Structures are given as C-alpha cells and as structure tokens.
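Down below is the structure, laid out as structure tokens.
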Amino acid sequence: MSNDNQSKEMSSMDIYEVMKHLPHRYPFLLIDRVLDYTAGERLTAIKNVTVNEPFFPGHFPHRPVFPGVLMLEAMAQATGILAFKTTEDLPSEESLYYFVGIDNARFKKPVEPGDQLLMEVEVVKRKRDMWKFKATATVDGKVVCSADLMCARKDIS
C-alpha cells in the first residue's frame with residue numbers, strides 16, 4: 001500500500017469512530033460516515049436519508065422532506081467531529097459542545113428520502129473554546145443548504 005492510500009484511510013471515519021467523537025445517538029445522530037478530514041481545517045461527511053427517519057411521518061405525510069433545521073444540526077455535528085479531531089480530545093460527561101449561532105443560513109432545495117447529504121465544513125476561526133465554521137451541504141453536486149455556524153465547548157460539571 002502506498003503512503004497516499006495509508007494517509008487517505010487514516011483520514012476517514014466509520015460509524016463507530018463517529019460515535020466516539022459525538023455524544024448523539026438515534027434518532028439524533030446525523031452523521032453516517034466521515035469521508036475525509038484535515039484537523040484544524042476541514043471535514044467532509046455524509047448522511048444517508050432514508051424513508052425510515054422518525055420525523056418523516058409528520059414532515060410531511062404526503063411528501064417527506066428532510067427538515068432544514070436537521071440539515072443545520074447535521075452540519076453542526078460535522079463541526080463537532082472536526083473540533084474534537086483538531087483538539088485531539090473526545091466528548092466527556094463533564095462538557096458539551098453547543099451550537100451557539102447560525103448566520104447566513106440558506107436552503108436551496110428540498111432533501112428527500114433516498115438522497116445522500118454530503119456535508120463540507122471548514123474552520124473559519126477559533127478563539128479559545130469558540131469556533132466559527134463555513135458549512136455547505138449538497139445532494140448530487142447541488143447545494144441544498146449553506147450556513148456560517150458558531151459552536152462552543154463548555155464545561156457542565
């Protein structure tokens with residue numbers, strides 16, 4: 001195996017590695033896999049949207065649509081993984097990684113069952129435990145959601 005292949009394998013994460021880096025669980029874990037990341041810079045992750053999602057019976061019964069707020073949450077979870085990878089830390093019982101702000105959120109196209117949400121998040125800046133990211137979600141190469149996300153890690157104990 002070449003060094004390029006080894007470094008590529010080391011920068012992806014399966015669902016078990018994702019669960020080590022996020023405290024979220026069903027039905028609120030919205031990252032299925034991390035395709036690639038560079039600590040301190042950027043991360044690319046996917047969410048496979050199935051008709052079995054728990055919110056589809058109510059959103060909407062006649063035409064299921066992935067809620068926009070959950071696209072923002074999925075992108076925020078991707079930022080959490082990137083933040084933990086950057087700080088070389090893991091979530092703990094003594095702290096939480098909070099969503100603290102959203103600017104410039106735009107929803108361009110509905111996301112439906114069968115779609116694969118490809119999320120790309122990029123660190124814009126970090127000041128102590130406060131982070132700002134630029135985030136974009138696409139389906140089949142078309143932007144469905146974008147936003148500037150602010151998150152913070154806070155001790156809760």
Side-chain angles (χ1 to χ4, degrees), residues 7-50 53-56 59-60 64-92 95-154 156:
S7 65
K8 188 71 172 176
E9 286 178 16
M10 292 173 54
S11 63
S12 65
M13 299 168 63
D14 63 18
I15 189 63
Y16 304 105
E17 192 69 17
V18 167
M19 290 193 301
K20 287 181 190 172
H21 289 81
L22 289 175
H24 308 76
R25 295 295 180 262
Y26 177 85
F28 218 65
L29 178 60
L30 300 172
I31 302 290
D32 291 329
R33 175 178 291 275
V34 171
L35 300 178
D36 192 24
Y37 70 89
T38 302
E41 295 180 20
R42 58 173 218 26
L43 180 137
T44 303
I46 59 170
K47 162 70 180 150
N48 293 308
V49 179
T50 78
E53 305 287 352
F55 40 80
F56 280 144
H59 195 269
F60 300 97
V65 174
F66 193 82
V69 294
L70 293 183
M71 282 193 270
L72 294 171
E73 172 62 26
M75 294 190 303
Q77 290 181 16
T79 72
I81 294 170
L82 180 55
F84 282 113
K85 280 295 190 184
T86 300
T87 59
E88 298 181 346
D89 200 4
L90 292 172
S92 72
S95 68
L96 280 174
Y97 182 80
Y98 288 106
F99 211 163
V100 296
I102 305 168
D103 287 331
N104 304 313
R106 296 291 180 270
F107 303 98
K108 303 286 188 181
K109 183 178 179 289
V111 175
E112 300 177 324
D115 286 341
Q116 184 179 68
L117 207 55
L118 179 74
M119 295 162 283
E120 297 180 81
V121 298
E122 178 183 322
V123 175
V124 174
K125 71 178 177 183
R126 174 185 177 197
K127 188 171 186 179
R128 292 187 297 263
D129 288 335
M130 295 287 293
W131 300 73
K132 184 173 183 179
F133 300 90
K134 181 163 279 312
T136 303
T138 61
V139 172
D140 295 331
K142 294 181 180 154
V143 174
V144 295
C145 180
S146 63
D148 298 327
L149 307 176
M150 281 71 66
C151 302
R153 184 175 178 181
K154 297 289 181 192
I156 56 173

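Quick caveat, the model's predicted, so the values are computed rather than measured.
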*Does one side chain, of S11 or D36, offer a donor that lies under 3.5 Å from an acceptor on the other?*
yes
*Determine the minimum heavy-atom distance between L30 and Q77, stating which atoms define it.*
N-OE1, 2.8 Å
*Measuring from F28:CZ to E73:CD, what's the distance to the nearest 0.5 Å?*
4.0 Å
*Taking all heavy atoms of V124 and all of F133, pick out the closest pair and write down the distance.*
CG2-C, 3.8 Å
_Donor-acceptor pair, distance only, cut-off 3.5 Å: does the side chain of D115 make one with the backbone of V139?_
no
*Under the side-chain contact (heavy atoms from CB on, under 4.5 Å) rule, collect the residues that match up with F60, sequence neighbours excluded.*
H62, V65
*Just wondering, do Y97 and T79 contact through their side chains at under 4.5 Å, heavy atoms?*
yes
*For F55, enumerate each residue passing the ring-ring contact (aromatic ring centres under 6.0 Å, His included) test, keeping only those at least two apart in sequence or located in another chain.*
F66
*Got M119 and I31 here, is their nearest side-chain heavy-atom distance under 4.5 Å?*
yes
*Could you tell me which non-hydrogen atom of L82 sits nearest to which non-hydrogen atom of L43, and how far apart they are?*
N-CD1, 3.9 Å
*For the side chain of R25 and the backbone of P27, is there at least one donor-acceptor N/O pair under 3.5 Å apart?*
no
_Tell me which pairs pass salt bridge (Lys or Arg N to Asp or Glu O under 4.0 Å) where either residue lies in residues 130-150, with sequence neighbours left out._
K134-D148
